[in-house]
Visitor: 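Got a structure for you, written out below as structure tokens; questions coming shortly.
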Amino acid sequence: MKKASCIVNKNFKIADIDERIYGSFIEHMGRAVYTGIYQPDHETADEQGFRQDVIDAVKELNVPIVRYPGGNFVSGYDWTDGIGPRQSRPKRLDYAWFSIETNQFGINEFAQWAKKANTQGMIAVNLGTGTAQQAGYLVEYCNIEKGTYWSDKRREHGFLEPHKFKVWCLGNEMDGPWQTCGLSAQDYAKKARETAKILKWVDPDIELVACGSSSKEMETFPSWDRTVLEACYPYVDYISLHRYYEFEGNQADFLAAFYDLDDFIQTIKATADYVKAALRSDKTMMLSLDEWNVWYIQNMQTQRWQWAAPIAEDVYSLMDALVVGGLLTSIVNNCDRVKMACIAQLVNALAPIHTASDGGVLKHSTYYPFAQVSRYGRGSAYKTILQSESVETGKYGKVPSLATACTFDEKTQQLALFVLNTNLQDDVQLSLQLQEFGPLKLIEQQTLAGDDLFAVNSFETPDNVVPKNCDITERSGTQFELTLGKASWTMALFRKLH
Ligand code: AHR
């Protein structure tokens, strides 16, 4: 067994956590909306057609913000197709996923669903085929109370109160050649800036997210981010980052995804800070990691021009869940700059929640680490000073074998420690010292591990990959010994004793 130590001191706080780092994403993609969150003929559907079994699973996952309606979808979407009487809404071709979009679910249905799911919306506007003017009309429709053409239209449609969406994304992945009407950095920067001006004129209380690089592999990374920020810095509040990982044959590389995500975040932070200095600005740009996850993009197939055909319904393994846990530690550890993050996505399309259109809900393995961190990783994040051996990876060289994050919530007086052990052969004895938090009592300890890293959950075996209780030894009120199984994810929850 290997040995490692972790010291966390209450004087070394990273930052308060913005709960929106535990966000998610619903796109009009495959079965995310239709037969995912919305299925009027389902036995659990409520009077608005929302699946109650899905709402229950989403509530349990605790996602304080959900991005909508895309994603690639938004770049060809006319939001006016999805409002007004359902029988007169048009059926359209969706160029992003080669699907048929019936528009039976639109912005008002999303607002209703979000309320029921205890979450708020992060709304993306179309900067592909769409114009700055159309984006302005959407903010007017959603956020202005009454007395203008679009706000009165919303009232006519039965929504007397404005939806008051706070966060708006200026397009999606506009650096991608796959995007409907993608743009060069200069063209996007100008379009985003002019749209930002209109949106904030319409509602000065909103927050805006400019599109950053859609991955580290983009040829334009990170100059795209610099160009966009140089043009938009005073007008926007966040720059976005997107990052997906998939297992390509090397387990050590895959489990080290947390290390790569951290590097991506550091580069975007540095780029934003360069622009801040160049512009002599005293505003610090925050980051919105509004798409991240494991995604088996290589396996993806789309059937042309079908409605609600399954797309990217990845079945996640134990190894995928470990990677998701590791990525969450990077997000928490960067919470001084990452103020929003969305696991992409929420239901059916590359998602922790899977539905059967003629049956129930299945929680994939990735549901569990996300639910734990989203539930207990609240309050403030603290630096974890770690001493552990490194592992050799093919892609990143030597990488720490453990990924850790620690949070303490003054409200609940709970401290949570999250640890990924990426050692494939060895258990690790971790000695944990929690300094200056006062005496603590261990109240919950759970681990996700197993001999088969490819094990998955299914409707027949839904509990194949779920967290189990594990042993943690208390040495004193502030010192504990954790035995971390090889290739495992562990959560230890403590409560401060008064
Ligand atoms: O989340 C799936 C897709 O991934 C989104 O539509 C797009 O923004 C990204 O490429």
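Only this structure's heavy atoms are used, side chains among them; waters, hydrogens and symmetry mates stay out.
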Visitor: Could you tell me the separation between the CG atom of D46 and the CD atom of Q52, rounded to the nearest 0.5 Å?
Guide: 6.0 Å

Visitor: Can you check whether N143's main-chain N or O pairs, donor with acceptor, with K164's side chain at less than 3.5 Å?
Guide: yes

Visitor: Can you check whether F494 and F437 have ring centres sitting under 6.0 Å from each other?
Guide: no

Visitor: Distance-only criterion, 3.5 Å: show the donor-acceptor pairs between side-chain atoms of residues 442-449 and protein atoms not counting sequence neighbours.
Guide:
| unit_1 | atom_1 | unit_2 | atom_2 | d |
| --- | --- | --- | --- | --- |
| E444 | OE1 | Y376 | OH | 3.2 |
| Q445 | NE2 | C470 | O | 3.2 |
| Q446 | OE1 | Q372 | NE2 | 3.1 |
| T447 | OG1 | W489 | O | 3.0 |
| T447 | OG1 | T490 | OG1 | 3.1 |

Visitor: Tell me, please, which residues at least two apart from S213 pass side chain to side chain donor-acceptor pair (under 3.5 Å).
Guide: D225

Visitor: Regarding T284 and K276, is there a side-chain donor-to-acceptor distance under 3.5 Å anywhere?
Guide: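 Present: a donor and an acceptor within the cut-off.
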
Visitor: Tell me if a side-chain donor or acceptor on H354 pairs with a main-chain N or O of G360 at a distance below 3.5 Å.
Guide: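 Looks like no, no N/O pair under 3.5 Å.
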
Visitor: Do T355 and N348 have a side chain donor and acceptor closer than 3.5 Å?
Guide: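 N348 and T355 do have a side-chain donor-acceptor pair below 3.5 Å.
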
Visitor: Are the side chains of D262 and N334 in contact, using a 4.5 Å heavy-atom criterion?
Guide: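 A side-chain contact under 4.5 Å exists here.
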
Visitor: Answer whether the closest heavy-atom distance between the side chains of D56 and T44 falls below 4.5 Å.
Guide: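 Contact flag for D56/T44 side chains = no.
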
Visitor: Which residues satisfy the side chain to side chain donor-acceptor pair (under 3.5 Å) test with Y245, sequence neighbours excluded?
Guide: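 Y245: side chain to side chain donor-acceptor pair (under 3.5 Å) contacts with R243, D260.
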
Visitor: Are E109 and Q48 close enough that a side-chain donor and a side-chain acceptor fall under 3.5 Å?
Guide: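 No, Q48 and E109 have no side-chain donor paired with an acceptor closer than 3.5 Å.
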
Visitor: If only atom types and distance count, is the side chain of D203 paired as donor or acceptor with the main-chain N or O of D205 below 3.5 Å?
Guide: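 A pair under 3.5 Å: yes.
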
Visitor: Are any side-chain N or O atoms of T461 and backbone N or O atoms of N464, one a donor and one an acceptor, separated by less than 3.5 Å?
Guide: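 The answer is no, because no donor-acceptor pair under 3.5 Å joins these two groups.
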
Visitor: Quick one: does any side-chain atom of N423 pair with a main-chain N or O of K486 as donor and acceptor, under 3.5 Å?
Guide: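 The answer is no, because no donor-acceptor pair under 3.5 Å joins these two groups.
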
Visitor: Restricting to pairs with a member in residues 23-35, which pass salt bridge (charged side-chain N to carboxylate O under 4.0 Å, His left out), not counting sequence neighbours?
Guide: R31-E313

Visitor: Hey, could you give me the CD1/CE distance between I472 and M491, rounded to the nearest 0.5 Å?
Guide: 8.5 Å

Visitor: Any side-chain hydrogen bond (donor to acceptor under 3.5 Å, both in side chains) pairs touching residues 57-66, not counting sequence neighbours?
Guide: E60-K363

Visitor: Would the distance check show the side chain of D273 and the main-chain N or O of A270 forming a donor-acceptor pair, the cut-off being under 3.5 Å?
Guide: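 A pair under 3.5 Å: no.
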
Visitor: Would you mind reporting whether D18 and M286 have side-chain heavy atoms less than 4.5 Å apart?
Guide: no

Visitor: Would D53 and R51 satisfy salt bridge (charged side-chain N to carboxylate O under 4.0 Å, His left out), going step by step from the backbone distance to the final call?
Guide: CA-CA 5 Å; D53 56 350; R51 282 183 63 154; 2.7 Å; yes

Visitor: Among side-chain atoms of T366 and H364, is any donor-acceptor pair under 3.5 angstrom?
Guide: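 The criterion, which ignores hydrogens and geometry beyond distance, is not satisfied for H364 and T366.
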
Visitor: Going by atom types only, do N333 and S330 share a side-chain donor-acceptor pair under 3.5 Å?
Guide: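 Per modelled atom types, N333 and S330 side chains form no pair under 3.5 Å.
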
Visitor: Strictly by ring-ring contact (aromatic ring centres under 6.0 Å, His included), give each pair with a member in residues 250-283 just once, sequence neighbours left out.
Guide: F221-F264, F247-F254

Visitor: Using the side-chain contact (heavy atoms from CB on, under 4.5 Å) rule, take T407 and F418 through it: C-alpha gap first, then chi angles, then the decisive distance, then the call.
Guide: CA-CA 9 Å; T407 60; F418 305 100; 4.2 Å; yes

Visitor: Determine whether the side chains of Q345 and N293 contain a donor N or O and an acceptor N or O closer than 3.5 Å.
Guide: no

Visitor: Can you check whether A405's main-chain N or O pairs, donor with acceptor, with T329's side chain at less than 3.5 Å?
Guide: no

Visitor: Identify the residue among K339, K283, K200 that makes a side chain to side chain donor-acceptor pair (under 3.5 Å) with D237.
Guide: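 Of the listed residues K339, K283, K200, the side chain to side chain donor-acceptor pair (under 3.5 Å) partner of D237 is K200.
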
Visitor: Between K13 and E436, does the salt bridge (charged side-chain N to carboxylate O under 4.0 Å, His left out) criterion hold? Intermediate values first, please.
Guide: CA-CA 12 Å; K13 178 160 132 177; E436 310 291 335; over 6 Å; no

Visitor: Report yes or no: does T404 contribute a side-chain atom to a donor-acceptor pair with the main-chain N or O of V419 at less than 3.5 Å?
Guide: no

Visitor: Using the salt bridge (charged side-chain N to carboxylate O under 4.0 Å, His left out) definition, which of the options K395, K216, K269 pairs with D263?
Guide: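 Exactly one candidate clears the test, K216.
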
Visitor: Do we see a donor-acceptor contact under 3.5 Å between the side chains of T220 and S223?
Guide: no

Visitor: Using a 3.5 Å distance criterion without hydrogens, assess whether the side chain of S374 forms a donor-acceptor pair with backbone atoms of L61.
Guide: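 Side chain of S374 to backbone of L61: a pair is present.
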
Visitor: Tell me whether T119 contacts the main-chain N or O of I65 through its side chain, where contact means a donor paired with an acceptor under 3.5 Å.
Guide: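 Checking the backbone N and O of I65 against the side chain of T119, a donor-acceptor pair under 3.5 Å is found.
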
